[in-house]
Amino acid sequence: MTHSEFDSFRPPEPARRRRAGGKRGTGRRDVGDGSREMPMVPEPEFTSYYGRPVVKPAPWTEDVAAYLFLGGVAAGSALLGLGGQLTGRPTLRRNARLSALTAVSFGAVALVKDLGRPERFLNMLRTIKLTSPMSVGSWILSAFSVGTAVSAAAEVDRMTGARLPLGPLRNLLQAVEGPAGFEAALFAGPLAAYTAVLLGDTATPTWNAAHEELPFVFVSSAALASAGLAMITTPVQEAGPARKLAVLGVMGDVVAMRVMGHRMDPVVAEPLHQGKAGVMLKWSERLAAAGGLGTLLGGRNRAVAAASGLALLAASALTRFGVFEAGLSSARDPRYTIEPQKNRLAARRAAGITGDSITTAG
Amino acid sequence: MGQLSGPTDPAADARWEDQQPRKGFFTDTSICIGCKACEVACKEWNHNPQDGNLELLESSYDNTGGLGASTWRHVAFVEQGQERITEARESGRALVNLGMPRIGPPPTAASAGPDLANVDTTPPDTADFRWLMSSDVCKHCTHAGCLDVCPTGALFRTEFGTVVVQDDVCNGCGTCVAGCPFGVIERRSDGMVAVAAQREEQHAKHPAVPNVGVAQKCTLCYDRLVNDETPACAKACPTTSIKFGNHDDMVETARERVVSLHQQGLTEARLYGANELDGVGGTGAVFLLLDEPEVYGLPPDPRVPTADLPQMYRRAGMAVAGMVAAAALAFLGGRA
Amino acid sequence: MARRSFLQWPVVRQFSTGDLLGRGPAVTSPRTREITPRTATADRVVQSVCPYCAVGCGQRVYVKDEKVVQIEGDPDSPISRGRLCPKGSASEQLVNSPGRQTEVLYRAPRSTQWQHLDLETAIDMVADRFIETRRRTWQQEDEEGRLLRRTMGIASLGGATLDNEENYLIKKLFTAAGAVQIENQARI
Amino acid sequence: MANADCIIIQGSNMAECHPVGYQWVAEAKARGAKVIHIDPRFTRTSAVADKHIPIRAGSDVVLLGALINYVVTHDLWFKEYVSAYTNAATLVHADYRDAEDLGGLFSGYDPETGAYDTASWSYAEQGGGTIDDAGAGIEHGSHASDRAAGDQFGSGGPALEHAQVQRDDTLQDPRTVFQILKRHYARYTPEMVQDMCGIDVADFEYLAHAITENSGRERTTCFAYAVGWTQHSLGAQFIRAAAILQLLLGNVGRPGSGIMALRGHASIQGSTDIPTLFNLLPGYLPMPSAGRHDTFSEYLDAIASKKQKGFWADADSYTISLLKAWWGEAATAENDWAYDYLPRLTGAHGTYQTVMDMLEDKVEGYFLLGQNPAVGSSNGRMQRLGMSHLKWLVVRDLNLIESATWWKDGPEIESGELRTEDIETEVFFLPAATHVEKAGSFTQTQRLLQWRHQAVAPPGECQSELQFFFELGQRIREKLAGSEDERDRPLLDLTWDYPTDEHGEPDGEAVLAEINGRHLSGPDAGKPLSAYTELRPDGSTSAGCWIYTGVYADGINHAANRKPGQEQGPTASEWGWAWPANRRILYNRASADPAGKPWSERKKYIWWDQEEGRWVGDDVPDFPVDRAPGSQPDPDLGGPAALTGDDPFIMQADGKGWLFAPTGVVDGPLPTHYEPQESPVANALYPQQQNPARLVYPRADNLSAPSAGTSGADVYPYVFTTYRLTEHHTAGGMSRWLPYLSELQPEMFCEVSPELAAERGLEPYGWATIISARSAIEAKVLVTQRMKPLAVGGHTVHQIGLPYHWGVGADAVVSGDAANDLLGVTLDPNVQIQESKAATCDIRPGRRPRGAELLALVAEYQARAGATTETGNRLVTHPGAESLDPGRREDGRTDGRPG
């Protein structure tokens with residue numbers, strides 16, 4: 001915009017720097033409250049403090065979303081591994097065990113990498129805090145990792161023709177291999193589910209509102225992803241249980257997601273349908289469905305099975321990234337905090353419950 | 001085991017033996033002059049680094065934006081016209097008319113509180129404009145979301161009933177950030193801001209930012225409390241808008257103040273955090289507000305997420321069972 | 001040692017203290033248990049007055065190892081009762097600010113740069129210039145033969161942030177030297 | 001202040017500028033006092049006041065005059081108080097003509113000099129003659145700016161020959177002060193207030209009710225002001241107007257009453273008491289002027305007549321003791337106590353005159369001591385260009401302020417007006433010590449001296465001013481040692497021997513002891529004095545600042561008294577030491593009625609104890625302690641001895657509070673409304689637009705915008721006012737270098753109303769350029785309802801608010817354009833303070849141009865407005881004034897400097 005004949009002599013206006021961490025509001029929707037200073041903005045539909053978020057999003061990068069995905073893959077794989085172990089499917093067992101170890105290792109690295117002080121990751125085991133899903137999860141993850149590592153080590157030893165320099169430990173390894181597989185599988189379910197509690201137990205509006213259904217979404221997603229991975233790695237002959245698990249996982253995932261979306265306050269559910277998260281979740285469902293159908297219809301064909309497995313893995317990743325992203329964006333916009341809270345407060349008051357408001361007349 | 005919700009004494013809940021009376025703030029925004037002495041006194045005491053990009057934040061005189069890792073007291077500035085003042089007065093009156101049950105023994109003046117139905121909606125000296133200022137701070141909740149989700153025990157409940165981060169323990173997992181329903185706690189990034197090139201040298205001279213990567217928030221000056229000193233912000237506050245003391249006294253003072261404002265016809269006055277039946281079990285830092293909480297950037301109906309944790313664990317248990325069952329089903333179906 | 005540190009493991013303490021949820025005494029670190037404010041560990045506390053506006057708020061200056069470590073309000077002051085405004089609260093930063101200039105600088109005529117000068121030399125140079133300018137610009141009498149006894153070649157501005165004793169010496173020295181253009185913020 | 005029932009904050013943004021002082025207002029409010037804020041802007045003070053009344057900047061006298069008129073016409077004045085304690089009943093000279101009769105001028109105006117001959121304003125003498133300003137005759141014919149009347153409101157009133165006045169206690173005589181006052185303000189009506197100030201009648205009534213209902217025996221109202229009043233071309237008169245109102249209502253000398261000056265610097269009061277000011281010597285003694293004070297006796301006669309009432313009559317003791325303190329043995333009765341060692345003034349030598357002298361290369365060396373004129377002074381460009389003409393510049397500060405670095409990164413380097421390589425000025429930057437790195441005393445705004453103990457030694461090469469000047473003095477004296485030159489005697493004879501510590505830092509207490517003074521001879525020789533009443537005019541005492549005598553009584557540093565406030569009564573007299581004589585409320589005799597009884601139990605403070613035969617109460621009585629209420633001493637005694645039992649204003653020459661100032665105020669005996677130097681509004685009260693006695697400086701680098709009614713006035717259509725924010729300190733030298741303060745207010749901004757934003761297309765938080773007749777600056781735009789367009793004189797006046805803390809430089813944490821660059825230099829004739837609270841400008845969206853184009857933009861505006869050096873600088877605008885002033889020059893030339 002040119003205002004005077006001297007404009008050409010003005011210094012260039014620097015691009016506005018926004019502070020990282022989102023201290024500043026994104027939208028301007030609210031401006032009329034704190035903000036009589038901006039008369040030319042349309043009337044707000046709700047009030048906030050200059051559009052700034054009320055709650056803060058977790059300072060997590062996509063490493064954490066990746067961990068959600070990898071943790072699920074690992075958990076499901078451990079179950080498949082145990083199944084293979086118990087039902088005499090050595091290839092499935094081996095591949096699942098190795099998958100579990102790989103996934104959980106990358107997952108743990110992603111998790112540590114995301115810490116503000118990674119060198120202090122061991123502090124995760126400083127306490128056992130039942131109120132902290134992160135603490136509980138850390139113990140689950142540790143326990144799971146022990147069994148997974150042992151059982152996978154046995155597989156590796158076997159694959160390398162017992163060339164690992166284990167010495168007398170080899171006997172021990174072979175002895176505990178089976179129980180280790182059990183142990184890992186014991187913690188597999190919790191590993192797949194606790195991350196849902198981790199997200200649900202936050203003030204991040206969309207995650208918190210999802211806390212009833214999110215565990216089902218996550219275990220389903222873990223199941224279909226790990227099954228998909230097994231379908232890729234394991235010949236069709238041994239991958240039958242994986243295919244069944246995949247189909248069950250897809251069913252669970254689609255149903256749980258739908259139920260979740262419906263039971264949430266429509267405002268808080270918005271981030272699940274909008275923006276990047278909306279796109280990811282939409283494709284997640286499509287890919288899950290495709291993967292499920294592929295498995296059902298062509299699962300016995302190695303190529304179709306592998307393609308379906310890939311689709312399922314992608315679907316699971318998209319679910320995790322989508323849910324992750326939806327939560328973060330719900331925290332960044334004060335509307336998702338304020339409106340549902342106002343609604344539920346009004347609803348309680350309408351129902352005659354007036355004694356539990358944080359705001360009081362005296 | 002301690003409680004996850006409802007009225008309780010938080011220090012007793014944490015099993016402190018040498019428990020002290022619970023300490024808290026009462027921030028009376030009706031006498032805040034927006035001087036920001038609290039922000040500076042806090043930064044001075046806690047050696048918190050400068051925050052922000054050194055440009056106007058487009059929010060009246062507020063240029064620090066909100067509470068965060070390096071700003072533990074934050075003064076909000078809200079400019080309002082007559083329409084909004086009337087609305088605020090109405091919403092305050094509606095609150096009174098709800099006949100909210102008072103918690104504990106009613107304050108002396110409150111029992112003989114004014115019949116607000118007959119109070120003129122236009123008190124003396126009504127302005128067609130007002131400028132609200134309010135110093136926000138960590139609420140030191142009775143049920144603190146941040147504390148309960150902390151996996152390392154870095155966050156702990158002190159013997160004064162306050163919630164404090166131990167810088168030497170925290171590993172910066174960030175769970176607490178999402179756990180706070182008030183958006184208070186934050187993980188400190190490098191703490192430094194983008195600065196003009198010619199100032200780089202000067203900034204290089206600044207002392208290194210402490211506690212990078214660690215969650216940070218108001219400690220209610222725990223280190224001062226152990227020596228029986230007033231927290232830095234409350235000590236500096238020129239008009240006693242920030243009061244510090246035993247939590248019970250603070251709530252009592254707050255109730256008396258709101259009654260006195262109501263008697264002057266200022267029905268917009270209300271308390272925030274003084275109700276132990278609320279979603280966080282009441283807060284250690286109580287506020288007197290002159291409008292709806294969200295106007296100041298406060299959540300209107302916060303609920304500590306941990307209150308629902310048992311339910312979440314149950315649901316997770318069911319999901320785990322489902323997953324195991326599905327796996328079992330997959331294998332039990334016989335060899336394909 | 002290992003045994004003791006095992007017992008210090010918060011997980012153990014969770015059970016030993018009854019703080020099962022790990023919220024309180026079970027999870028404190030040694031540093032937390034030893035915490036002491038630096039107001040308590042200071043070597044000395046000095047009473048002072050805020051240097052900003054003219055309200056004259058009382059300050060307490062905490063000194064540790066000959067460094068100012070904290071400045072806060074003096075609750076004894078009947079003027080301020082221990083309170084300070086943001087500027088007064090930032091006094092410690094005024095003293096310890098990394099941007100503060102603590103070396104003498106000199107800019108020669110036409111130079112584009114500062115250079116460092118030692119303090120003794122600088123004061124000597126200023127004294128020489130003072131004497132020279134005073135001689136060169138001396139006015140003994142006005143055109144009607146009335147006594148003036150002054151120089152209009154030397155002027156000074158400042159004093160409102162200085163001590164009474166400093167202003168006194170400034171006024172005394174300048175007046176004796178015949179410099180009359182001595183001014184301060186009171187007129188700005 | 002906490003005792004007041006109503007507090008009017010006008011011309012001050014107290015909550016923002018003095019937050020900690022504001023606690024007492026907050027406390028009074030909590031007790032039920034009404035707090036009203038009158039200010040052009042809705043500020044943080046307004047936010048916590050009961051009411052904010054927006055006022056057009058510079059129209060305060062209209063409002064205060066209307067309140068005076070309201071009080072008088074509604075018969076609401078405090079009769080007993082006014083008749084006993086003020087000069088209401090005194091008769092004024094028969095030749096006196098009021099501004100009402102002469103179109104805005106008072107009698108005695110000399111258009112030749114632009115100054116008043118105040119002879120006709122004097123009291124009528126009992127015999128029928130008039131009482132002259134002592135020694136005033138000599139003043140006739142001198143130029144306006146040659147008289148720096150000085151800030152004497154710190155202590156006493158000006159001199160009168162004696163105090164035997166004519167009175168009419170019925171107040172009916174038209175020549176009584178009361179009747180003159182009544183007539184003078186008769187046209188200052190609520191309607192006039194509406195028209196000139198933009199305050200509607202309802203708001204005026206609210207204010208008038210609040211003040212009058214809270215005045216009288218039982219209740220008191222207090223006024224607080226700051227630079228919002230002083231920084232005007234009639235600043236002293238704003239304060240006078242409030243004083244008149246307060247005297248009429250009995251609100252002086254009583255608890256919760258008075259007019260409180262809120263000052264902005266730690267020791268701005270101290271630096272006036274012990275002045276680093278050209279026109280004063282310590283203790284408000286004037287600097288001698290050539291032509292008026294050529295001999296010592298002329299000098300003493302001019303300060304005070306021995307025959308007048310009150311404590312100023314002993315000025316000889318004060319002066320001689322000062323000269324003894326400075327020149328010790330060299331000051332003898334034979335050489336008039338070395339009176340001729342003092343340099344002489346020949347006019348105003350204030351900071352702005354000095355800068356203009358710099359531009360003419362008359363000044364070679366300049367010391368800047370904790371001050372940043374490149375940012376903080378009006379017409380900053382003139383300041384910086386002035387410095388570029390110096391031979392040497394010494395900057396002593398904590399940080400590398402803009403006044404130390406203008407030669408490499410100042411705005412004139414950017415605009416190309418200066419080239420670093422061409423600037424000859426030598427610059428010395430000497431790092432200073434902070435307040436905790438040196439010991440010394442500050443005098444705060446209520447005259448309280450408080451000692452600061454040294455906490456640590458200064459770092460690096462930092463030094464206190466005390467040490468620097470002590471060493472500089474030593475160095476100069478060493479270099480001059482042995483000089484036979486007579487002009488070096490004052491330096492060589494100077495008492496300049498102070499004990500120092502191991503770092504070379506002189507002992508501040510030794511300096512304080514010298515200021516306090518000591519007995520030089522007699523049995524107590526060497527002992528510190530305990531009160532200024534002990535000072536003698538015979539060389540037997542010394543005192544560096546007589547009003548501070550007593551601070552070191554008994555060899556104890558009373559400024560360091562620190563009995564905790566909570567262990568003392570409300571006056572807290574054992575915390576620090578207040579001058580004079582540790583008195584906390586001045587003129588507190590007025591807190592009792594003429595018979596010596598408290599006016600009311602509620603407002604009890606000082607009263608006469610019949611049994612003890614002395615004045616007693618909560619404070620040190622500001623009165624001869626044993627002078628009974630009914631005493632009528634012989635007026636010929638002169639001095640304190642002549643005070644009657646009901647003369648509470650002991651520093652005034654007649655012992656009364658002055659509703660009408662017969663002398664001492666150079667621009668009129670009664671405050672009269674004139675428009676600021678630049679105004680979009682025509683003076684509706686008088687044909688005279690601006691203060692005719694103001695000091696103008698018609699220079700090409702100091703142009704004024706045309707005022708209302710003259711062509712080109714619409715080029716600069718808006719009023720701007722400059723001010724401070726809580727988060728910063730003046731020119732920023734102590735705040736913009738601190739990250740904690742800088743982040744709170746990081747950028748220069750301007751405050752405009754939504755209406756003005758719409759009118760000029762300003763975007764919220766975008767950039768705007770503000771152009772005055774001197775310069776153009778840029779600022780971010782805060783569009784806010786806190787700025788209200790005012791309906792004045794039938795059209796809308798928009799006001800723009802500009803904080804003045806930022807400056808252009810590279811070293812601070814935050815920098816920005818300096819608001820003071822927009823201001824011109826036009827001074828109040830009484831105190832030579834510039835007008836920075838109201839001027840005119842234009843505003844447009846976008847950033848300002850850089851380089852030479854900036855100058856072109858300013859020039860283009862000047863050309864469009866037709867602004868020349870004559871614009872706005874005609875002293876007399878009243879067309880009818882011709883006949884009164886036959887000698888008026890055609891060109892209206894009014895420069896303060898002859899030729």
Side-chain angles (χ1 to χ4, degrees), chain C residues 46 48-49 51-57 61 63 66 76 78 80 83 85 90 93 95 99 101-105 107 109-110 112 119 127 129 133 142 146 148-150 153-170 173 176 178 180-188, chain D residues 18-21 263 265-266 268 270-272 274 276 278 290 343-344 349 351 354 363-367 369-371 392 400 420 424 427 429 431 434-436 440-442 444-445 450 452-453 455 459-462 465-466 469 473 475-476 490-491 494 508 511 564-565 572 575 737-738 740-741:
Chain C
V46 179
S48 193
V49 178
Y52 286 95
C53 86
V55 171
C57 301
V61 183
V63 181
E66 296 308 312
D76 287 345
S80 58
R83 306 170 195 172
C85 75
Q93 200 169 55
V95 176
Q101 184 65 37
T102 58
E103 278 191 351
V104 173
L105 294 177
R107 184 259 175 183
R110 295 171 173 267
T112 57
L119 185 59
R129 280 153 187 71
T133 294
D142 70 2
R146 296 180 297 208
L148 293 178
R149 281 200 77 116
R150 69 180 188 192
I154 301 173
S156 159
L157 181 65
T161 55
L162 305 182
D163 299 348
N164 292 320
E165 295 74 20
E166 295 177 324
N167 279 313
Y168 181 76
L169 286 199
I170 293 167
L173 180 66
V180 294
Q181 296 162 104
I182 310 307
E183 284 281 277
N184 74 39
Q185 184 79 33
R187 223 180 309 267
I188 293 176
Chain D
H18 309 277
V20 183
R263 313 198 68 173
H265 293 72
I268 196 154
S271 65
T272 325
I274 296 179
T276 31
F278 79 89
R344 303 296 201 262
H349 309 304
T351 176
T354 299
V363 181
E364 296 188 355
Y366 196 26
F367 289 86
L369 313 170
Q371 197 144 345
W392 49 276
L400 271 178
T420 302
E424 294 284 354
V427 185
F429 180 87
T434 62
H435 70 300
V436 299
S441 63
F442 283 149
Q444 56 83 273
T445 195
Q450 299 185 95
R452 294 183 338 272
H453 298 279
E461 292 176 314
C462 297
E465 257 40 47
L466 201 66
F469 277 97
R475 205 71 62 106
I476 291 171
L491 277 169
L494 199 64
V511 180
W575 182 277
W737 271 259
L738 308 191
Y740 287 170
L741 296 177

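Order of the sequence lines sets the chain letters (A, B, ...), proteins ahead of strands, with each chain counted from 1.
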Partner chain C: residue of [options] with the largest heavy-atom pair count (under 4.5 Å):
| options | answer |
| --- | --- |
| D/P19, D/A572, D/G440, D/G460 | D/G440 |
| D/P343, D/G508, D/G270 | D/P343 |
| D/T434, D/T354, D/T445, D/L491 | D/L491 |
| D/P459, D/G21, D/S441, D/G565 | D/S441 |

Would you check if [X] and [Y] make a side-chain contact, meaning some heavy-atom pair closer than 4.5 Å?
| X | Y | answer |
| --- | --- | --- |
| C/I154 | D/F367 | yes |
| D/L400 | C/L105 | yes |
| C/D163 | D/L466 | no |
| C/T161 | D/E465 | no |
| C/V104 | D/P431 | yes |
| C/S156 | D/L369 | yes |

Minimum heavy-atom separation for [X] and [Y], please, with both atom names.
| X | Y | answer |
| --- | --- | --- |
| D/W575 | C/D76 | CZ3-O, 3.4 Å |
| C/T133 | D/G365 | CG2-N, 4.5 Å |
| D/V20 | C/C85 | CG2-N, 3.4 Å |
| D/V363 | C/Q181 | CG2-OE1, 4.1 Å |
| C/A90 | D/L738 | O-CD1, 3.8 Å |
| D/E461 | C/L119 | OE2-N, 3.4 Å |

Residue [X] versus chain D: region with a heavy atom under 4.5 Å:
| X | value |
| --- | --- |
| C/V61 | side chain |
| C/D142 | side chain |
| C/V46 | side chain |

Rounded to the nearest 0.5 Å, what separation is found between the [atom1] atom of [X] and the [atom2] atom of [Y]?
| X | Y | atom1 | atom2 | answer |
| --- | --- | --- | --- | --- |
| D/I274 | C/N164 | CD1 | CG | 4.5 Å |
| C/L169 | D/F469 | CG | CZ | 9.0 Å |
| C/R107 | D/F429 | CZ | CZ | 16.0 Å |
| D/F442 | C/C57 | CZ | SG | 12.0 Å |

Among C/R129, C/E103, C/R83, the residue with the most heavy-atom pairs under 4.5 Å to chain D is C/R129
Between chain D and each of C/G178, C/S80, C/A155, count heavy-atom pairs under 4.5 Å; write down the option with the most.
C/A155
Side-chain H-bond candidate by donor/acceptor type, D/T351 with C/E183, under 3.5 Å
no
Does [Y] offer a backbone N or O that forms a donor-acceptor pair with the side chain of [X] under 3.5 Å?
| X | Y | result |
| --- | --- | --- |
| C/N184 | D/S271 | yes |
| C/Q93 | D/Y740 | yes |
| D/R452 | C/V49 | no |

Go through the steps for C/L157 and D/T276 under the test side-chain contact (heavy atoms from CB on, under 4.5 Å), then give the verdict.
CA-CA 8 Å; C/L157 181 65; D/T276 31; over 6 Å; no
Less than 4.5 Å to any heavy atom of chain C: does that hold for the side chain of D/L494, its backbone, both, or neither?
side chain
